[in-house]
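Just so you know, ligand 1 is whichever comes first in the structure, and atom 1 is the first atom listed for that ligand. It should be emphasised that the depicted structure is a prediction, and the values quoted were computed from it without experimental measurement.
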Amino acid sequence: MIRIAAVGDVHVDKDVVGRYRPALEELPDRADALLVAGDLTRHGTPEEAACFAREFGGLAVPVVVVLGNHDHQSDRQDEVARVLTDAGITVLEGTSTVLEINGHRLGVAGTKGFGGGFSGACASNFGEREMKDFVGTTERYAAALRTALQSAECDALVALTHYAPVPETLVGEPLEIYAFLGCYQLGQAIDDAPTALALHGHAHHGSERGRTPGGVPVRNVAHPVIKQAYNVYQLLSDTVDAQLVGA
Ligand SMILES: [Fe+2]
């Protein structure tokens, strides 16, 4: 079995340092890796990234992240990624990593993703140049996830995104903003690979559990949704959902 701790939308700045650390110090007893589903910072500055690295780095387990829209706010996402990488954190964007855990290979494929909407209520690649650019961005991120998922040679495969791949985990958010919270193309990429679990964040008022049309379990691990430092999910196990008390 592989145990994955996951959280998203922790929005770290100076005032957050120390808030997660006590639970994170106990994480290696409870999980084999930590995945963070974007919005690591509030405004995407390198200084905030250093705060995130101080809070979430230096654990006895591998830490793998994707960036979120907040991490792009200052147009310094490359610097943010460099600060994290220098702290030993793996940053995925259209890429994958394979971790050796308990004799198994855990593949994690990640991208920030983008909005665009879901079946029956989505943007289409038609009309103004601005709309084509918007949908083109959606499709580019989804294609990057597809490539990353299909390139990982592993025993258990996880998709890590910031934006949602299905609408089910958005329930609780206003319907009018679903198109800005995720897109169906991410779900298609997940279904076209042997994905065991899809993790995302971004939807603070959404729901934890959903499933892709192809049946892959999806979990919204945004901190305001899971209401604890991290949830733990199990792979190569009968169920993905682990009970965790006190994190
Ligand atoms: Fe977000």
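Under the 4.5 Å side-chain heavy-atom criterion for grouping Ile, Leu, Val, Met, Phe, Trp and Tyr, Tyr233 is connected to Ile101 within one hydrophobic cluster.
Remark: Leu106 CG to Thr97 OG1 distance equals 8.5 Å, nearest 0.5 Å.
Among residues two or more places apart in sequence or in another chain, the side-chain contact (heavy atoms from CB on, under 4.5 Å) test is passed with Pro22 by none.
Note: His162 and His202 have tilted aromatic rings, judged against thresholds of 30 and 60 degrees for the angle between ring planes. Ring planes of Phe114 and Tyr141: parallel class, angle under 30° (limits at 30 and 60°).
Remark: the backbone N or O of Val135 is not paired with any side-chain donor or acceptor of Thr137 at under 3.5 angstrom.
Excluding waters, the count of protein N/O/S atoms less than 2.8 Å from the Fe ion (ligand 1) comes to 4.
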